[in-house]
Amino acid sequence: MNINFLRIPLHKLLYLERVDDFSGFSADDLQGLRNEYEPAELRGIVEAVTWATQNPDHDFASMLPDLRHTNAEIYRYLCALEVSLRDI
Amino acid sequence: MGESRVPGPVGRGGDSPRTHDGTLVRGVSSAPGPVQGPATASTEDRLDALDPLALLEHLQTASSVAELERIIVALLGPQCFSAGVITGVAWDLVGSIVDLLDLVRMFVLADLHDLAGSSLGGWQLDPLTAPRLLFAELAQLFFADQLRKAAEERNALIAELANALEDPAATFEGMAEGVVESFQRDWEQFELHMASDTLSGRFHAGMIFGKLLVAVLAILTGVAGAVRGAAKLASKLPRLMQHAKKLELERRPAPQQTPTSGGTPRQISPAPEAPDPDVDRPDPRRKPTPPPRRKYDDLQPMDRQFVGEETGSVWGTKVKYLDDVEREQYRLHVRDGKLYDADGNLFDTSKAKSHFGGEGNAIFVMDETGAIYASKVHSPGKFHHSSFLSGEPVAGAGELVVENGVLASVSRRSGHYRPTAKQNQQVVDELVEQGVDMNGVDVSAGF
């Protein structure tokens, strides 16, 4: 697992005002991700997100500058994301 | 600095097809080109129809860089000397590029002259190769004199620039040492590309030539205060001095585009006139014009956290870092207060979307010369603000919202650079200078 891939989904938080507004990606969104990233890259992202859901104490907030959410909020976002990424 | 190269054929290798003296275009190619995108349908249609009169008239009346670029691609393909020149010129002179269109037109005619005299044997062919060559032959048939004069003028300009840059410290007495060294490095690169005998080499040679040409013209325009020995310069660089004078005299608002069809007589512009040997001494009251290199000094470096991202060590994926040629495809141009992309289309961010990024906006940076680059694609881990200038410092960065070329908002929202409010103001100042009406534009902060 390459934790660096986690920065990609964390990037979305820069544009997300409230974590609780995010309930995961739709089927169309997942198709968009397939178009945007190579299969190996998507695998890396999914593995990193899965790892994150198993490590809630990791300092996610420090992985990107300007992340304004708390670590707990980021963790909730990653858990919602992980569920929706299972279908990718 | 190496020995100056006499302008001549670009294909001198033993296996290279024969080319005529002065040839800077050996053939045409469909290789991915530095000049953005394919020609417009109308331009290609004209090429397909082999209507040299209409296309040359279009060349004559093209009133924007983007329009001229499309014509160059249609006529000559993306990898030619004149395409490089127009890219190099645009690189250094944002606000006054229109004034140089006539000069660039001369380079296009010169390339056509070369193409008409080239051989197809052994060259990369594509569906447009035959019509392009046939078109060049027809243009040569109808306008042989103009094309020949353009080629002669181009070769003379190259020779004169070579003469000037053989020893720039001696040519431009009093010039800053750093500028002299920059000229020397650029000219060495120009000669290397000219000697490389490759398609991209000719484009790069043209790009460097365009950049140096504009820099030298700017110095000559403000010669009274920029360097010493004006009389000596005038005698050493008569053509360049003449073009410098012409450039200054013609500095004016961008001309309105004129119709390319109708009952107007069909003729093409002749090559720029040969220089007047009695070059006037510069007006001592004239304020010196600095070389159009650095315009903004307040630059922001990239956050150290992202150093190495192009290798995959930050995001897992490799972030794209653009080279000089690729960068030009993202350059924004302002015309009549509206923003246009490198294709000449009105810039519009309404459909921009990134699943791990934002929506409805484009990321942009401004470099130290005031050139603005923007992308509607902001793909985390693959394309970021840092992509435009390959991680180098920026004079401004953020996001733009643009609707049909009309700027709605500009922010300094960039995690890679986190620009200051002052740097954001540099962007606003540059946009105003280029003619964008900032009334009603939302100028907002970063994250």
Side-chain angles (χ1 to χ4, degrees), chain A residues 1-17 21-52 59-69 74 77-78 80-82 84-85 87-88, chain B residues 300-320 349 351-363 375-387 391 397-401 409 411-420 424 444-447:
Chain A
M1 192 279 300
N2 181 352
I3 195 173
N4 287 328
F5 279 109
L6 195 56
R7 289 193 173 90
I8 293 175
L10 288 179
H11 192 274
K12 187 176 178 66
L13 288 168
L14 297 173
Y15 296 88
L16 208 56
E17 284 296 323
D21 290 342
F22 180 74
S23 57
F25 281 135
S26 67
D28 285 346
D29 289 331
L30 293 180
Q31 184 56 48
L33 284 179
R34 290 188 200 100
N35 295 335
E36 200 168 342
Y37 295 93
E38 300 293 328
E41 295 169 340
L42 282 176
R43 275 197 302 276
I45 293 170
V46 170
E47 287 174 7
V49 171
T50 303
W51 176 88
D59 184 6
F60 303 114
S62 68
M63 290 189 72
L64 278 183
D66 296 317
L67 284 180
R68 58 194 181 285
H69 304 287
I74 296 173
Y77 158 76
L78 290 170
L81 179 64
E82 191 271 336
S84 66
L85 286 179
D87 296 329
I88 200 161
Chain B
Q300 186 75 353
M302 183 178 73
D303 190 301
R304 294 174 61 85
Q305 182 170 349
F306 299 106
V307 172
E309 63 182 352
E310 77 278 18
T311 67
S313 64
V314 176
W315 300 88
T317 52
K318 291 182 180 178
V319 173
K320 173 68 176 175
T349 64
K351 294 182 180 175
K353 180 177 182 180
S354 171
H355 292 84
F356 285 129
E359 295 183 17
N361 55 52
I363 58 171
S375 170
K376 287 181 276 189
V377 173
H378 182 194
S379 187
K382 305 190 104 174
F383 199 99
H384 289 271
H385 286 95
S386 52
S387 295
E399 294 176 342
L400 301 173
V401 175
S409 80
S411 80
R412 54 187 170 102
R413 190 169 180 159
S414 167
H416 273 69
Y417 288 103
R418 291 193 271 180
T420 64
N424 203 31
S444 56
F447 291 106

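Note on naming: letters A, B, ... go to the chains in the order of the sequence lines (proteins, then strands), and numbering restarts at 1 for each one.
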Engineer: Any sub-3.5 Å donor-acceptor pair from A/Lys12's side-chain atoms to B/Pro380's backbone N or O?
Structural biologist: no
Engineer: Check whether any side-chain N or O of B/Arg418 sits under 3.5 Å from a backbone N or O of A/Asp66 as a donor-acceptor pair, and report yes or no.
Structural biologist: no
Engineer: Looking only at heavy atoms, what is the nearest atom pair of A/Pro65 and B/Gly415, with distance?
Structural biologist: CG-O, 3.7 Å
Engineer: With a 4.5 angstrom heavy-atom cut-off, could you sort out which part of A/Ser26 is near chain B: side chain, backbone, both or neither?
Structural biologist: neither
Engineer: Which atoms of A/Asn2 come close to chain B, meaning under 4.5 Å heavy atom to heavy atom: side chain ones, backbone ones, both, or neither?
Structural biologist: side chain
Engineer: Looking at every non-hydrogen atom in both residues, tell me the closest pair between A/Ile8 and B/Trp315 and how far apart they are.
Structural biologist: CD1-O, 3.7 Å
Engineer: Mind checking the NE2-NE2 spacing from B/His378 to A/His11? Nearest 0.5 Å is all I need.
Structural biologist: 3.5 Å
Engineer: What's the shortest heavy-atom distance between B/Gln305 and A/Met63, and which atoms?
Structural biologist: NE2-O, 2.5 Å
Engineer: Would you mind checking which part of A/Leu10 comes under 4.5 Å of any heavy atom in chain B, side chain (CB onward), backbone (N, CA, C, O), both or neither?
Structural biologist: neither
Engineer: Can you name the residues of residues 41-50 of chain A that have some heavy atom under 4.5 Å away from a heavy atom in chain B?
Structural biologist: A/Glu41, A/Ile45
Engineer: Grab the two heavy atoms, one from A/Arg7 and one from B/Val314, that are nearest each other, plus how far apart they are.
Structural biologist: NH1-O, 2.6 Å
Engineer: Check B/Ser379 against A/Tyr37 and note the closest heavy-atom contact, atom names and distance.
Structural biologist: OG-OH, 3.6 Å
